[in-house]
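What follows is a set of notes on a single structure, which appears directly below.
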Protein chains: 2
Amino acid sequence: MMSDAPGGESLLFLTDEQLRQGIEAMFFAYRGFTADPDRILAGMAYGRAHHRAIHFINRAPGTTVNNLLILLGVTKQSLNRVLRTLVEDGLVESKVGKSDKRERHLYLTEAGEALERKLSDAQRARMRAAYRAAGPQAVAGFRQVLEAMMDNDLRRKYQVLKDSGT
Amino acid sequence: MMSDAPGGESLLFLTDEQLRQGIEAMFFAYRGFTADPDRILAGMAYGRAHHRAIHFINRAPGTTVNNLLILLGVTKQSLNRVLRTLVEDGLVESKVGKSDKRERHLYLTEAGEALERKLSDAQRARMRAAYRAAGPQAVAGFRQVLEAMMDNDLRRKYQVLKDSGT
DNA sequence: CAGTTTAAGTCAGTCTTGTTGACATTCCAA
DNA sequence: TTGGAATGTCAACAAGACTGACTTAAACTG
């Protein structure tokens, strides 16, 4: 089916045209990837930034603001605005650190967890459908290429998260 | 919790944990994907929006404004702001349509093509490295999952572009 | 032909999310 | 103990998206 050009495929499959198709696929797919949570959040006063914060706080409860902003790749000022509204609205709790009182440790409240579930359910449903359509083998390849595409420091952070999952 | 189906790797590989890893991989990879062009554009007065416009005008020379804004998924007001600066700066040419004079057909000037090359060279280099690291089989899977992740109407548009690529 | 629709552009205002700069608090090490 | 580094907050601003209202020109349609 797919293995064409025996011998020369390692050259053939790296044509500019093939690469460009990959670039465009990435662009369109990311739109689909964010579409469902975006729709949910559009109603409330929240956006993608809030989703990301909620996701990673859920992922690593008790994480500090500094941790979070490195993961998200934004300035602390930018993250702070998002965090402030989430705390005000009672979705996130911010606790002063015990050993280091400069730090704030972040946790989702019950309401925060409820929203997180709503958002990630939608995103997982999309992911699940795509995985099902493509099959297990394709999923393995998908993950390999994505990991290779990350910046080095982000790949490390991703690996840490991944390993902490189980 | 989850009942583990006997010999059911097709079930096992769709655990919430696996899906979540895919979601995070997508998030981090997209950051890498856009990092290089973003760095190049940061110096000039341009941003990601300009890159996208330039990319698709290069991809389909003579495309109309309406075509473009459907492809990009933004409003005409938003696209117009970007397009206006590109035309003013002599990177894009806007020609009144021959058969339908309401339409404007968009083309890159030489300067526009030069910038397009600079941007896509950087992005292709990243893509090429990721493809090389992951291997041909992984690339096929990568593309399959991405296509399955797109919204239906975008997938159609993506296919049209892909087929027009040669 | 008159009336409607379509394509493009513009103006004004808002929202989200990113940025810098200035600043307070806390910790730690010289 | 004092000065620097780390952590987080507040304020102001910019980019880029959005909606809504409107104009102009051209094409289509009954």
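Only heavy atoms go into these numbers, but all of them, side chains included; no hydrogens, no water, no symmetry mates. To find a chain, count down the sequence lines: A is the first, B the second, and so on, and within it residues start at 1.
- Under the 3.5 Å distance criterion, the side-chain polar atoms of T109(A) are matched with a main-chain donor or acceptor of L91(A).
- The side chain of N66(A) places an N or O atom within less than 4.0 Å of a non-bridging phosphate oxygen (OP1 or OP2) of dT7(D).
- In this structure, N80(B) atom CG and dC18(D) atom P are separated by 13 Å, rounded to whole Å.
- For the pair L69(B) and K98(A), nearest-nucleotide mapping onto DNA chain C gives the more 5' position to L69(B).
- Scanning for side chain to side chain donor-acceptor pair (under 3.5 Å) contacts around Q21(A) gives E17(A), R143(B), with sequence neighbours left out.
- Counting to the nearest Å, the C1' atom of dA17(D) and the OH atom of Y46(A) are 20 Å from each other.
- Nearest-nucleotide positions on DNA chain C for M44(A) and T75(A) put M44(A) closer to the 5' end.
- Contact detail for L71(B) and F27(A): the closest heavy-atom pair is O-CE2, 4.2 Å.
- What separates CG of L72(A) from P of dG8(D) is a distance of 13 Å, to the nearest Å.
- Between the NE2 atom of H105(B) and the P atom of dA26(D) there is a distance of 14 Å, given to the nearest Å.
- Among the atoms of the strands shown, none is found under 4.0 Å from any heavy atom of T85(B).
- Contact footprint of chain B on DNA chain C: nucleotides with an atom under 4.0 Å from a non-hydrogen protein atom, first to last in 5' to 3' order, dT6(C) to dC11(C).
- Q159(B) and E147(B) share a donor-acceptor pair across their side chains, judged by distance under 3.5 Å alone.
- Whole-Å rounding puts the D100(A) CG to dA5(D) P distance at 17 Å.
- Remark: P of dA17(D) and CG of L41(A) are 18 Å apart, rounded to the nearest angstrom.
- Phosphate proximity of dG8(D) to R81(A): absent, as no side-chain N or O sits under 4.0 Å from OP1 or OP2.
- For the atom pair CG (L79(B)) and CG (L106(B)), the distance works out to 8.0 Å, reported to the nearest 0.5 Å.
- Summarising the geometry, atom CZ belonging to R81(B) is positioned 8.0 Å from atom OG1 belonging to T75(B); distances are rounded to the nearest 0.5 Å.
- Taking only distance into account, the side chain of Q77(B) meets the base of dG20(D) through a donor-acceptor pair shorter than 3.5 Å.
- Residue H50(B) is classed as a sugar-phosphate contact, given heavy-atom separations below 4.0 Å to backbone atoms only.
- Nucleotide dA15(D) holds its P atom 15 Å from the CG atom of D38(B), rounded to whole Å.
- Base contact: K76(B) has a heavy atom under 4.0 Å from a base atom.
- The interatomic distance linking E103(B) (CD) with dA25(D) (C1') rounds to 13 Å, in whole Å.
- With salt bridges taken as basic N to acidic carboxylate O contacts below 4.0 Å, one links R128(B) and D16(A).
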